[in-house]
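Side chains included, hydrogens not; waters and symmetry mates left out as well; all remaining heavy atoms used.
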Amino acid sequence: MDCKITDMDLSHIAEYAKLFVSVFNSEPWNDKWTEETAVLRLENMMRTNTFIGKALYSENELKGFIYGQKEYYFNGIHFQIQEFCVKSDEQKKGYGKALLQELRNELDTLGVVNVYLITSHGESTEGYYQRRGFVTSDNMILMTNTPTKQG
């Protein structure tokens, strides 16, 4: 696999947003992102001093990226992977594995003690991470609350 992995840079945000929309508006997520809302999300994350992100290019074309935030916890630095995507027609070529490994290498040099993420159930999501050493937590759950409009 001939590829180049770089740190994500705000000057490429439109390119990241386009890939983000194409991947997350497709199966299995079926979200409703626009390039504008994707730029807002990406820019919000990328402008923090806790951001770490990697982009993978092959033949000068963006194939995927992974990013998240580091945070301090009582037992050391934790890292939350917030978004991870590879161009839909380029999946299963090792790009995701290379991105995840590059990120893990940097996190190891920073002394990160825990990496976690939130994803949906299913073989293509949860199963992907399980095959790469992640486990579904027995002691943590994701809870949500959607505020209702009060008139």
Side-chain angles (χ1 to χ4, degrees), residues 1-71 77-110 112-138 140-147:
M1 173 181 42
D2 183 32
C3 64
K4 176 183 174 186
I5 299 176
T6 65
D7 289 335
M8 290 178 73
D9 185 281
L10 275 169
S11 66
H12 296 276
I13 197 162
E15 184 180 24
Y16 304 145
K18 188 172 185 167
L19 177 61
F20 185 97
V21 168
S22 73
V23 171
F24 290 112
N25 286 1
S26 301
E27 291 289 334
W29 302 279
N30 298 310
D31 290 340
K32 305 278 189 259
W33 291 95
T34 65
E35 288 185 27
E36 294 78 20
T37 57
V39 164
L40 289 172
R41 178 163 176 79
L42 287 156
E43 186 174 33
N44 179 264
M45 303 292 177
M46 292 178 75
R47 289 196 181 275
T48 69
N49 65 353
T50 59
F51 176 85
I52 298 173
K54 303 292 180 187
L56 184 144
Y57 291 86
S58 181
E59 299 175 4
N60 293 321
E61 180 186 349
L62 178 66
K63 302 294 185 177
F65 61 80
I66 186 169
Y67 73 79
Q69 307 286 331
K70 59 184 175 175
E71 60 184 330
I77 303 170
H78 289 211
F79 187 85
Q80 179 184 5
I81 296 173
Q82 292 169 306
E83 302 296 354
F84 183 16
C85 62
V86 172
K87 194 173 175 187
S88 297
D89 61 352
E90 299 285 353
Q91 293 177 3
K92 300 187 187 314
K93 294 184 177 181
Y95 294 140
K97 184 177 179 181
L99 276 166
L100 189 56
Q101 187 59 56
E102 185 73 19
L103 176 67
R104 294 299 298 258
N105 291 344
E106 182 167 340
L107 298 179
D108 286 347
T109 65
L110 294 173
V112 169
V113 298
N114 186 42
V115 178
Y116 67 99
L117 56 91
I118 298 169
T119 194
S120 56
H121 292 291
E123 180 55 31
S124 65
T125 51
E126 186 178 14
Y128 176 86
Y129 293 107
Q130 287 173 336
R131 288 188 300 278
R132 280 143 188 89
F134 287 80
V135 296
T136 302
S137 176
D138 289 333
M140 300 295 282
I141 61 169
L142 171 67
M143 298 178 71
T144 65
N145 180 308
T146 304

CZ of Arg47 to CE of Met45: how many Å apart, nearest 0.5 Å? 14.0 Å

Between Gln130 and Thr136, which heavy-atom pair has the shortest distance, and what is it? NE2-OG1, 3.4 Å

When rounded to the nearest 0.5 angstrom, what distance separates NZ in Lys97 from CD in Glu102? 14.5 Å

Among Val113, Ile81, Asn114, Val115, whose side-chain contact (heavy atoms from CB on, under 4.5 Å) with Leu107 holds? Val115

Is there side-chain contact between Leu19 and Lys87, with at least one heavy-atom pair below 4.5 Å? yes

Reported NZ-to-CZ distance for the pair Lys54 and Arg104, which is rounded to 0.5 angstrom: 14.0 Å

Write down the atom of Ile5, the atom of Ala98, and the distance for their closest heavy-atom approach. CD1-O, 3.6 Å

Derivation and outcome, side-chain contact (heavy atoms from CB on, under 4.5 Å), residues Phe134 and Leu100: CA-CA 12 Å; Phe134 287 80; Leu100 189 56; 4.3 Å; yes

Are Thr50 and Glu71 linked by a side-chain donor-acceptor pair shorter than 3.5 Å? no

Least distance between heavy atoms, Tyr95 atom then Ser58 atom: OH-OG, 3.5 Å

Taking the side chain as C-beta and beyond, is there a heavy-atom pair between Ile52 and Leu103 under 4.5 Å? yes

Among side-chain atoms of Trp33 and Asp31, is any donor-acceptor pair under 3.5 angstrom? yes

Which value, rounded to the nearest 0.5 Å, describes the distance between Ser22 atom OG and Glu35 atom CD? 9.0 Å

Spatial distance of atom CD (Gln91) from atom SG (Cys85) [nearest 0.5 Å]: 9.0 Å

CA sep, side-chain torsions, deciding dist, call: Phe65, His12, side-chain contact (heavy atoms from CB on, under 4.5 Å): CA-CA 12 Å; Phe65 61 80; His12 296 276; over 6 Å; no

Once rounded to the nearest 0.5 Å, what's the spacing between atom CD of Glu90 and atom NZ of Lys63? 3.5 Å

Please give me the minimum heavy-atom distance between Ser11 and Asp9, naming the atom from each residue. OG-OD1, 2.5 Å

Walk me through whether Ile66 and Glu83 qualify under side-chain contact (heavy atoms from CB on, under 4.5 Å). CA-CA 6 Å; Ile66 186 169; Glu83 302 296 354; over 6 Å; no

Nearest heavy-atom pair of Arg41 and Gln82: which atoms, and what distance? NH2-O, 4.0 Å

For a quick test of reading the model, state the closest non-hydrogen atom pair linking Lys4 to Thr6 and the distance between them. CE-CG2, 3.5 Å

Report the residue from Tyr16, Phe20, Phe51, Phe84 that forms a ring-ring contact (aromatic ring centres under 6.0 Å, His included) with Tyr67. Phe51

Does Lys18 pair with Glu15 as a salt bridge, N-O distance under 4.0 Å? no

Charged N to carboxylate O under 4.0 angstrom, Lys70 versus Glu106? no

